[in-house]
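Below, chain A is the first sequence line, B the second, and so on; all start at residue 1. All heavy atoms count here, side chains included; hydrogens, waters and symmetry mates do not.
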Number of protein chains: 2
Amino acid sequence: MRCTTRHGVYTSSSDPATLRVLLWRRALDPHIGRWSLPGGRLRPDEDTETSIRRQLAEKVDVKTLTHVEQLGVFSAPNRVPGPRVVATAYLGLMPSDVDPVVPEDTAWHNVDDLPRTAFDHADIVLEARERLRAKLSYTNLGFALAPKQFTISALRDLYSAALGYPISATNLQRVLSRRGVLVPTGRTAAPGRAGGRPAALFRFAHRDIRVTDPFAVFRPPAASSNRRSRTRGPGSKPVT
Amino acid sequence: MRCTTRHGVYTSSSDPATLRVLLWRRALDPHIGRWSLPGGRLRPDEDTETSIRRQLAEKVDVKTLTHVEQLGVFSAPNRVPGPRVVATAYLGLMPSDVDPVVPEDTAWHNVDDLPRTAFDHADIVLEARERLRAKLSYTNLGFALAPKQFTISALRDLYSAALGYPISATNLQRVLSRRGVLVPTGRTAAPGRAGGRPAALFRFAHRDIRVTDPFAVFRPPAASSNRRSRTRGPGSKPVT
DNA sequence: GCAAAAGTGTTAGGCTTACACCCATGC
DNA sequence: GCATGGGTGTAAGCCTAACACTTTTGC
C-alpha cells in the first residue's frame, strides 16, 4: 500500500470571475497523459503541509500559498487501477494577483469546466470547492484569495466566483467590516476611464484563518451584555 | 513509513452528563501500557470507514456506530518515537443507551478528564470533541448520540454534555423542530416518582447526517418567497 | 449635464435567546 | 394543595438581504 499526497491549488488568477485549479498531465501509467492534481512523496523529516509547500515550489514554481488545509483521505480500494493507493488531499489557495510561471505540462483549469481527469481527481477538486465555499462564509478565508490591497468590488468578484452566485458589494462590505475582518487602508484606487467614484482600498485585518461566525445556533449563555459573545469559543464562560 | 488508522469513539453512555471516549492500553512498545485510541491496519479490500467499523466490532465489540467521520491525517515527523508513523484519525459516535461489553484492557474515559495517553492521542481526542461540538450546531448530528426515542430533557442533557455548557430545553426543542430535525412520536414517557408532567417522546427525522443550517452568511439570492431557502445548497438558483 | 461606479441609509424579515406563564402528574 | 418537571406564548435583540438614495468621478 502506498500513501501519497495530492495538492489542490486554487486561485482566481488572471480572470477574477472564475475559480481555477492547477493540474498537470501525468507522465506515467496508469492514466498517462490525463490531467491530475500535482502530488508526490512525503520526506522522512517533513509533515504533510511542509511537503506540499516544498513540492509545489520545486515542481511548479508555486511559492505563494496563502493557505493550506487538509481535505481528507481518499481510500476507496479501486480508486486507482493496479496496486492500492491511498491519497491524502489538500486544498491550497493563492492570491488572485500572482501568476506563477508553470511548466509546459501544467495548466490552470476552470473548476466549473474541468477536463477529463485521472482517477478520482475530479471528485477531489469538487470537494475542495465545497470546502472553500463553506469556509468563505464563516471564516476570514478571503484573505487567502485577495491581493494585499483591494477594492470592495474586486473582492465581490472573488467571492462571487468562488461561491458561484452573485454577491452584493454593499452587504459584503458591511458584513466583513462588522466582523472585523476588513480594514480600510485610507487609500483609494483611481477610477477607470468610464469615470465613477474612486473606490476605497481595504485589506484583511488578519492573514491567518480565523472563525468569524462560530455558532450557527446553540451558543453558550451570554457573557454579561457583551455584544461580541458570538465570536468566542465554546469554552468561554460568563465572567460573573 | 507506515499508515495507520486511529479510531475515536464517543458516547455519553451510562452517565448522560459526560462525553466519553473509548481507550485501550497499548500492548506493545513504545508507550506500552499507556491509554491509546483503538486502531489497526487497513485490509486491501476495504476503505478506511469499513476498516474502522470492522475493527471496532471485532476487537472491542462496538457494533453500533451511528456515525463515522474522518478527522484528518496526523503526520508530524516525530509524533511517534522510532520509525515514522502517519495516522488517519476518525470520529465515531454511538447512542447513549447502548453499552457494549468491552475487553479487560479497554475503558471509557471522560473527555474532560483524560488520563495520560500514548503519543498525540490526547490532541486527537480534543480535535474530535471540537468537531462534534461544531457539527451539533449546524447539522442533525444529535441523531448519532440519542436513543431512538427520547424526551427533550434527555436530549438537552446529551447536548449540554457534548457542548460543555448548559442548553435550554425550551429552545433546543424549538430550534430542532423548526428545522425539521425532530419529530414527535405521539407517545409520552412516564413521570418519575417525584411527579411532574409526562414528557413527550421524540425521534430524529433522519438517521444520516445532514446540514441543517448551511450558511452563516453570504447566502445565495432568495428563490422566490420560499422561507426555507437557507436549507438549500449553494448551487440552487432562483426558480424563475 | 449625464452616465457610471462606489458608498450610505433604511427597512423588513428571519432566527435565536430569554423569561414569564400555563399544564399535568405524584404524593 | 403543592412541589416538580414539562411545555407554550411572547417579547427583545441581533443579523443579513434588499433596495432606494447620495457621492464622486470622466467625458
Side-chain angles (χ1 to χ4, degrees), chain A residues 137-138 150-157 159 163 165-182 184 186-202 212-232 238, chain B residues 137-138 150-157 159 163 165-182 184 186-202 212-232 238:
Chain A
S137 280
Y138 69 89
F150 47 85
T151 64
I152 294 296
S153 47
L155 192 66
R156 166 182 37 97
D157 291 341
Y159 272 74
L163 292 174
Y165 47 80
I167 291 291
S168 142
T170 297
N171 295 325
L172 184 68
Q173 206 249 55
R174 230 181 308 242
V175 169
L176 295 185
S177 293
R178 196 182 53 73
R179 289 181 175 180
V181 172
L182 234 47
R187 288 193 272 188
T188 56
R193 73 195 55 139
R197 176 170 168 175
L201 287 169
F202 289 79
T212 57
D213 191 16
F215 297 107
V217 71
F218 304 140
R219 297 188 270 279
S224 68
S225 60
N226 191 332
R227 282 173 306 168
R228 301 194 58 191
S229 63
R230 287 194 81 192
T231 66
R232 296 195 181 176
Chain B
S137 281
Y138 69 90
F150 47 84
T151 64
I152 294 295
S153 47
L155 191 66
R156 168 186 29 103
D157 290 343
Y159 272 75
L163 292 173
Y165 48 80
I167 291 292
S168 143
T170 296
N171 296 325
L172 184 68
Q173 207 251 53
R174 233 187 299 250
V175 168
L176 294 185
S177 294
R178 196 182 51 74
R179 290 181 174 180
V181 172
L182 234 49
R187 288 193 271 188
T188 55
R193 72 194 55 138
R197 175 170 167 176
L201 286 170
F202 289 78
T212 57
D213 191 17
F215 298 107
V217 70
F218 303 141
R219 297 189 272 281
S224 69
S225 60
N226 191 332
R227 283 173 308 168
R228 303 194 60 189
S229 64
R230 289 194 79 191
T231 64
R232 296 200 180 171

In whole angstrom, give the distance that lies between atom CG of B/Leu172 and atom C1' of C/dA18. 15 Å
Hey, which sits more toward the 5' end of DNA chain D by its nearest nucleotide, A/Arg193 or B/Phe202? B/Phe202
B/Tyr159 side chain reached by B/Leu172 side chain, heavy atoms, under 4.5 Å: yes
Do the non-hydrogen side-chain atoms of B/Leu201 and B/Thr188 ever get within less than 4.5 Å of each other? no
Counting only side-chain N and O atoms of A/Gln173, is one of them less than 4.0 Å from OP1 or OP2 of C/dT8? yes
Residue whose closest nucleotide on DNA chain C lies nearer the 5' end, A/Ala199 versus A/Asn171: A/Ala199
Rounded to whole Å, the CG-C1' distance (B/Leu176 to D/dG7) equals 15 Å
Provide, to the nearest angstrom, the distance between the CZ atom belonging to A/Phe150 and the P atom belonging to C/dG7. 12 Å
Hey, what do you get for CG (A/Asp157) to CZ (A/Phe150), rounding to the nearest 0.5 Å? 12.5 Å
For B/Arg179 and B/Ser137, work out which heavy atoms get closest and say how close. NH1-O, 3.1 Å
Less than 4.0 angstrom between a side-chain N/O of B/Arg178 and OP1 or OP2 of C/dT16, yes or no? yes
State whether A/Arg179 places a side-chain N or O below 4.0 Å from either non-bridging phosphate oxygen (OP1 or OP2) of D/dT16. yes
What does A/Ala200 touch in the nucleic acid at a heavy-atom separation under 4.0 angstrom: a base, only the sugar-phosphate, or nothing? sugar-phosphate
Mind checking B/Ala190 for me? I need base, sugar-phosphate or nothing, with any heavy atom below 4.0 Å counting as a touch. nothing
Nearest to the side chain of A/Arg174, heavy atoms from C-beta on, is which of D/dC19, D/dT4, D/dT25? D/dC19
Correct closest heavy-atom pair for A/Ser168 and A/Arg156 would be C-CD, 4.2 Å
On DNA chain C, nearest-nucleotide positions of A/Ala194 versus B/Pro191: which is more 5'? A/Ala194
Just to confirm, is there a sub-4.0 Å distance from OP1 or OP2 of D/dA17 to any side-chain nitrogen or oxygen of A/Ser168? no
Whole angstrom is fine here: how far is it from CG in B/Leu201 over to P in D/dG7? 9 Å
Measure from CZ on B/Arg197 to C1' on C/dC27 and round the result to the nearest Å. 19 Å
Does a side-chain N or O from A/Thr170 land closer than 4.0 Å to OP1 or OP2 of C/dG7, or not? no
Starting at CZ of B/Arg187 and ending at C1' of C/dA24, how long is that distance when rounded to a whole Å? 20 Å
